[in-house]
Amino acid sequence: MLDRQVVKEFLEEKFENAGIEIPKEISKKSLVGTFCKYVEDDYYEWLADNFKAFFNHYNPNWEWIKGRIDHYSK
């Protein structure tokens, strides 16, 4: 779950830099909540795809994984 306050600040900065104004009939809270749900749905799918790739479509290559662990532990 995303930190709503962090996302709110992120959106405010991006909107300001892009010159985007939120229409008055859209509350900032509902916009932030909806954007977070949109990103979280996409994030879950991204994690699922990466899980399949990392674990070789449910046939893990443990030697390769040990190599990745060594690589990222440095």
Side-chain angles (χ1 to χ4, degrees):
M1 181 172 209
L2 296 172
D3 183 319
R4 293 333 197 221
Q5 183 60 37
V6 171
V7 172
K8 178 181 177 253
E9 293 168 8
F10 170 82
L11 289 175
E12 288 172 344
E13 180 182 325
K14 291 296 186 183
F15 287 163
E16 183 178 329
N17 291 342
I20 297 171
E21 290 189 28
I22 301 169
K24 292 186 186 331
E25 66 271 11
I26 297 176
S27 76
K28 197 176 284 188
K29 182 178 180 179
S30 65
L31 180 61
V32 169
T34 300
F35 181 75
C36 285
K37 289 177 183 176
Y38 174 82
V39 171
E40 288 163 351
D41 286 348
D42 189 51
Y43 183 67
Y44 181 82
E45 291 302 319
W46 175 80
L47 280 174
D49 289 344
N50 277 282
F51 177 87
K52 290 176 193 172
F54 188 86
F55 293 103
N56 196 30
H57 298 273
Y58 310 106
N59 186 22
N61 178 339
W62 293 111
E63 291 304 313
W64 180 85
I65 292 171
K66 284 190 240 176
R68 295 289 82 203
I69 292 169
D70 289 344
H71 174 78
Y72 288 111
S73 295
K74 294 178 183 175

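To the nearest 0.5 angstrom, Tyr43 atom OH is 9.5 Å from Asn50 atom CG. Taking CG from Asp42 and CG from Leu47, the interatomic distance works out to 10.0 Å, rounded to the nearest 0.5 Å. The line from CG of Asn61 to CZ of Arg68 is 11.5 Å long, rounded to the nearest 0.5 Å. In this structure, NZ on Lys28 lies 5.5 Å from CD1 on Ile22, to the nearest 0.5 angstrom.
Results of the side-chain contact (heavy atoms from CB on, under 4.5 Å) test with Phe10 over Lys14, Lys8, Glu12 single out Lys14 as the only residue that passes.
Closest approach of Pro60 to Ile65, counting heavy atoms only: CB-CD1, 4.0 Å. Considering all non-hydrogen atoms of both residues, Gly33 and Arg4 come closest at O-NH2, 4.2 Å.
By the neighbour-count criterion of 12 heavy atoms within 6.0 Å, atom CZ of Phe15 is densely surrounded, having more than that number from other residues, nucleotides or ligands. By the 6.0 Å contact criterion, CD on Glu21 is open, its count of non-hydrogen atoms from other residues, nucleotides or ligands being 12 or less.
Under the 4.5 Å side-chain heavy-atom criterion for ILVMFWY residues, a single connected hydrophobic cluster contains both Tyr38 and Val32. Hydrophobic clustering (side-chain heavy atoms under 4.5 Å, transitive across Ile, Leu, Val, Met, Phe, Trp, Tyr) keeps Tyr44 apart from Met1.
Using a 4.5 Å cut-off on side-chain heavy atoms (C-beta onward), Tyr58 and Lys52 make contact.
Between Lys66 and Glu63 there is a salt bridge, with a side-chain nitrogen of the basic residue lying less than 4.0 Å from a carboxylate oxygen of the acidic one.
When ring centroids are compared, Phe54 and Trp64 come within the 6.0 Å threshold.
Note: Phe55 and Phe51 have tilted aromatic rings, judged against thresholds of 30 and 60 degrees for the angle between ring planes.
Annotation: side-chain contact (heavy atoms from CB on, under 4.5 Å) contacts of Glu16 (sequence neighbours excluded): none.
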